[in-house]
Amino acid sequence: MVKQFHITITSLFLFSMASFVVILGSFTLKLLVSEGSSSCYPRLNRFSSPLTSSPYSYILCNFAFLSSPPHPPFNSSEPKTPPVLNDDTRPHSVTDDRELMRRAAHILETSCNPTPKVAFMFLSRGSLPLAPLWEKFFMGHEGLYSIYIHTSPEFIDEPPTTSVFYKRKIPSKPVHWGTASMVDAERRLLANALLDCANQRFVLLSEACIPLFNFTTVYNYLIKSRHSFIGSFDDPRVTGRGRYNKRMWPTVSLANWRKGSQWFEVNRNLAVEILSDEKYYPIFRNHCIPPCYVDEHYVPTLVNIMSPEVNSNRSITWVDWSKGGPHPKQYVRKDVSMALLNQVRKGFTCTYNGHTTSMCFLFARKFHPSTLEPLLRLAPALLNSMN
């Protein structure tokens with residue numbers, strides 16, 4: 001009897017301890033989940049569904065954690081990549097293109113509610129010779145813009161620490177004119193810019209571009225626009241339809257084929273669509289080769305297929321093609337005058353948010369480095385006026 005009594009007491013004690021451990025574990029798990037949901041960190045559960053109806057995976061606040069779909073899940077044996085902060089003050093360090101595209105395309109924008117910014121993306125071979133003019137353009141508007149620069153990997157020079165361009169270069173790869181590497185660089189810029197959820201508009205520029213209006217005018221024009229700005233038209237000539245490769249059919253048909261300027265501006269939703277495209281870009285990369293130029297056809301055709309209703313079907317970067325040939329007119333020092341700039345600023349008619357306007361171009365190219373001095377001389381009149 002005594003032995004049976006001890007066995008019973010021992011069993012009850014073990015059962016009580018097991019129950020206590022289970023209750024304590026449940027309470028601890030609940031506390032951790034509760035604290036996680038109230039902070040800026042997502043729940044890292046690969047098997048749970050996204051928290052919204054967005055077709056993209058999700059991220060909370062400013063950290064680029066990703067859920068699995070639609071890409072293959074992370075392999076637990078792979079080295080862990082530290083999270084990338086969506087903080088414009090932190091250098092961008094993701095060098096693997098696929099990882100970069102995956103992170104950028106799966107950020108849940110609605111989890112952040114900051115002041116909207118415009119991302120200025122510079123595609124350059126090296127330095128920005130017109131940087132002093134852009135410095136004046138950006139001055140006093142911190143928090144309303146982000147800057148991203150894609151240069152040749154060999155270019156390692158940095159501007160002074162006081163410059164808005166200091167440490168704004170992204171991890172870059174070689175770019176060759178007339179090849180798909182040009183669009184790869186554009187997508188790389190878009191991906192880095194998308195990592196900051198405050199960026200709502202994305203404009204592609206070159207080292208030869210200049211602003212035609214002050215920052216406030218440009219910012220309001222882009223943020224308030226209901227459309228993106230991509231030239232996309234059906235060119236029946238040999239330089240248009242003549243570049244279409246029949247091997248692109250049926251994914252890309254001649255009826256969908258479009259041409260346009262490389263220098264685009266897009267809103268955030270369209271930027272994500274461009275970056276998420278895995279159906280059309282391989283077709284262009286494999287079959288659009290000189291005399292077909294990917295940077296003149298891929299984005300115009302993609303937008304025409306996927307989201308033509310959001311496009312204004314015009315570029316906001318003015319270029320002079322009046323002389324013909326493979327490259328536009330380049331402006332040198334003697335060409336620069338307020339008359340020339342005003343002609344571009346006010347000499348055209350277009351539609352903006354359903355209304356006719358003479359403000360059709362916000363930027364212009366192609367300006368030689370020698371134009372910097374006269375442009376700086378005209379800067380007060382150029383950048384202080386509202387229109």
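These numbers come from the heavy atoms of this one structure, side chains and all, not from hydrogens, waters or symmetry mates.
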Novice: Drop me the distance from Leu212's CG to Thr217's OG1, to the nearest 0.5 angstrom.
Specialist: 11.0 Å
Novice: With side chains defined as the heavy atoms from C-beta onward, is the minimum distance between Lys346 and Met359 less than 4.5 Å?
Specialist: no
Novice: How far does CD1 of Ile230 sit from CG of Asn311, to the nearest 0.5 angstrom?
Specialist: 4.5 Å
Novice: Between Leu362 and Thr317, is there a side-chain heavy-atom distance shorter than 4.5 Å?
Specialist: no
Novice: Can you name the nearest heavy-atom pair linking Pro300 to Ser232, along with the distance?
Specialist: O-OG, 3.0 Å
Novice: So Tyr219 and Phe215, would you call those rings parallel, tilted or perpendicular, with 30° and 60° as cut-offs?
Specialist: parallel
Novice: Please tell me whether His227 and Ser225 have a donor and an acceptor in their side chains that are separated by less than 3.5 angstrom.
Specialist: no
Novice: Give the ring-plane orientation class for His327 versus Trp177, where under 30° counts as parallel, over 60° as perpendicular and anything between as tilted.
Specialist: tilted
Novice: Are any side-chain N or O atoms of Ser163 and backbone N or O atoms of Pro160, one a donor and one an acceptor, separated by less than 3.5 Å?
Specialist: no
Novice: Would you call Asp235 and Arg241 a salt bridge, using N to O less than 4.0 angstrom?
Specialist: no
Novice: Find out whether Arg125 and Phe155 are in side-chain contact, i.e. whether some heavy atom of one side chain is under 4.5 Å from a heavy atom of the other.
Specialist: no
Novice: Would Arg187 count as a cation-pi partner of Tyr281, with NZ or CZ less than 6.0 Å from the six-membered ring centre and within 45° of the ring normal?
Specialist: yes
Novice: Assess, by modelled atom type and distance only, whether the side chains of Thr216 and Asn214 contain a donor and an acceptor separated by less than 3.5 Å.
Specialist: no
Novice: Using side-chain heavy atoms (C-beta onward) and a distance below 4.5 Å, is Tyr293 in contact with Arg243?
Specialist: yes
Novice: Under 3.5 Å, is there a donor-acceptor pair linking the side chains of Lys117 and Ser146?
Specialist: yes
Novice: Do you reckon Leu144 sits in the same ILVMFWY cluster as Tyr166, going by side-chain contacts under 4.5 Å, direct or chained?
Specialist: no
Novice: Using side-chain contact (heavy atoms from CB on, under 4.5 Å), reason through Val294 and Arg285 one step at a time and then give a plain yes or no.
Specialist: CA-CA 7 Å; Val294 185; Arg285 188 173 51 221; over 6 Å; no
Novice: To the nearest 0.5 Å, what is the distance between OG on Ser206 and CG on Leu130?
Specialist: 8.5 Å
Novice: Determine the minimum heavy-atom distance between His176 and Ser181, stating which atoms define it.
Specialist: N-OG, 2.8 Å
Novice: What are the two closest heavy atoms between Asp335 and Gln330, and how far apart are they?
Specialist: OD2-O, 4.1 Å
Novice: Compute the ring centroids of Tyr145 and Phe138, then answer whether they are less than 6.0 Å apart.
Specialist: yes
Novice: Does the gap between the ring centers of Tyr221 and Tyr352 come in under 6.0 Å?
Specialist: yes
Novice: How far apart are the C-alpha atoms of Asn199 and Leu194, what are their side-chain angles, what is the distance that settles it, and do they pass the side-chain contact (heavy atoms from CB on, under 4.5 Å) test?
Specialist: CA-CA 7 Å; Asn199 289 329; Leu194 279 167; over 6 Å; no
Novice: Applying ring pair (Phe, Tyr, Trp, His ring centres under 6.0 Å) between Phe122 and each of Trp263, Phe202, Phe165, report the one that passes.
Specialist: Phe165
Novice: Identify the two heavy atoms, one from Arg201 and one from Asn267, that lie closest to each other, and give their separation to 0.1 Å.
Specialist: NH1-CB, 3.7 Å
Novice: Any carboxylate oxygen within less than 4.0 angstrom of a Lys/Arg side-chain nitrogen, looking at Lys173 and Asp184?
Specialist: no
Novice: Side chains of Tyr280 and Val252: closer than 4.5 Å at any heavy-atom pair?
Specialist: yes
Novice: Quick one: are Val118 and Glu265 in side-chain contact, heavy atoms under 4.5 Å?
Specialist: no
Novice: Trp257 vs Tyr244 aromatic rings, parallel, tilted or perpendicular, using cut-offs 30° and 60°?
Specialist: perpendicular
Novice: Roughly how far apart are Ser315 OG and Phe229 CZ, rounded to 0.5 Å?
Specialist: 10.0 Å
Novice: With no hydrogens and no angle check, just 3.5 Å: does a side-chain donor-acceptor pair link Asn304 and Thr301?
Specialist: no
Novice: Please report the C-alpha distance between Tyr148 and Arg168 in whole Å, then the side-chain angles of each, then the deciding distance to 0.1 Å, and finally whether the side-chain contact (heavy atoms from CB on, under 4.5 Å) criterion is met.
Specialist: CA-CA 5 Å; Tyr148 305 87; Arg168 301 316 307 156; 4.0 Å; yes
Novice: Rounded at 0.5 Å granularity, tell me how far CG in Leu383 sits from CG in Leu378.
Specialist: 10.0 Å
Novice: Quick one, Glu273 and Val303 - any side-chain contact, counting heavy atoms below 4.5 Å?
Specialist: no
Novice: Hydrophobic clusters here meaning ILVMFWY residues chained together by side-chain heavy-atom distances under 4.5 Å, can you tell me if Leu254 and Ile305 are in one?
Specialist: yes
Novice: Considering non-hydrogen atoms only, spot the tightest contact between Arg365 and Val319 and give its length.
Specialist: CG-CG2, 3.5 Å
Novice: With distance as the sole test, does Ser337 use its side chain to make a donor-acceptor pair with the main-chain N or O of Leu340 at under 3.5 Å?
Specialist: yes
Novice: Taking the six-membered ring of Phe233 as reference, does the NZ or CZ atom of Arg258 fall below 6.0 Å from its centre and within a 45° cone about the axis?
Specialist: no
Novice: Has the side chain of Asn353 got a donor or acceptor atom that lies under 3.5 Å from a matching backbone atom of Lys224?
Specialist: yes
Novice: May I ask you to check whether Phe361 and Phe348 place their ring centers less than 6.0 Å from one another?
Specialist: yes
Novice: In sequence, state the C-alpha distance, the side-chain angles, and the governing distance for Ile149 and Ile170, and then conclude on side-chain contact (heavy atoms from CB on, under 4.5 Å).
Specialist: CA-CA 6 Å; Ile149 308 172; Ile170 66 170; over 6 Å; no
Novice: Are Met338 and Val344 co-members of a hydrophobic cluster defined by side-chain heavy atoms under 4.5 Å apart?
Specialist: yes
Novice: Is Phe367 linked to Val332 within one hydrophobic cluster, defined over Ile, Leu, Val, Met, Phe, Trp and Tyr using a side-chain heavy-atom separation of less than 4.5 Å?
Specialist: no
Novice: Quick check: do Thr251 and Phe284 have side-chain heavy atoms less than 4.5 Å from each other?
Specialist: no
Novice: Is there a donor-acceptor pair closer than 3.5 Å between any side-chain N or O of Lys169 and the backbone N or O of Asp157?
Specialist: yes
Novice: Using distance alone, with no hydrogens and no angle criterion, decide if Ser127 and Glu207 have a side-chain donor and acceptor under 3.5 Å apart.
Specialist: no
Novice: Using a cut-off of 6.0 Å, state whether more than 12 heavy atoms not belonging to Lys259 lie near its atom NZ.
Specialist: yes
Novice: How far does CH2 of Trp134 sit from CD1 of Ile210, to the nearest 0.5 angstrom?
Specialist: 8.5 Å
Novice: Consider only side-chain heavy atoms of I, L, V, M, F, W and Y, link residues closer than 4.5 Å, and tell whether Leu341 and Ile316 are in one cluster.
Specialist: yes
Novice: Looking only at non-hydrogen atoms, find the nearest pair between Pro116 and Gln200 and report the distance.
Specialist: CB-CG, 3.6 Å
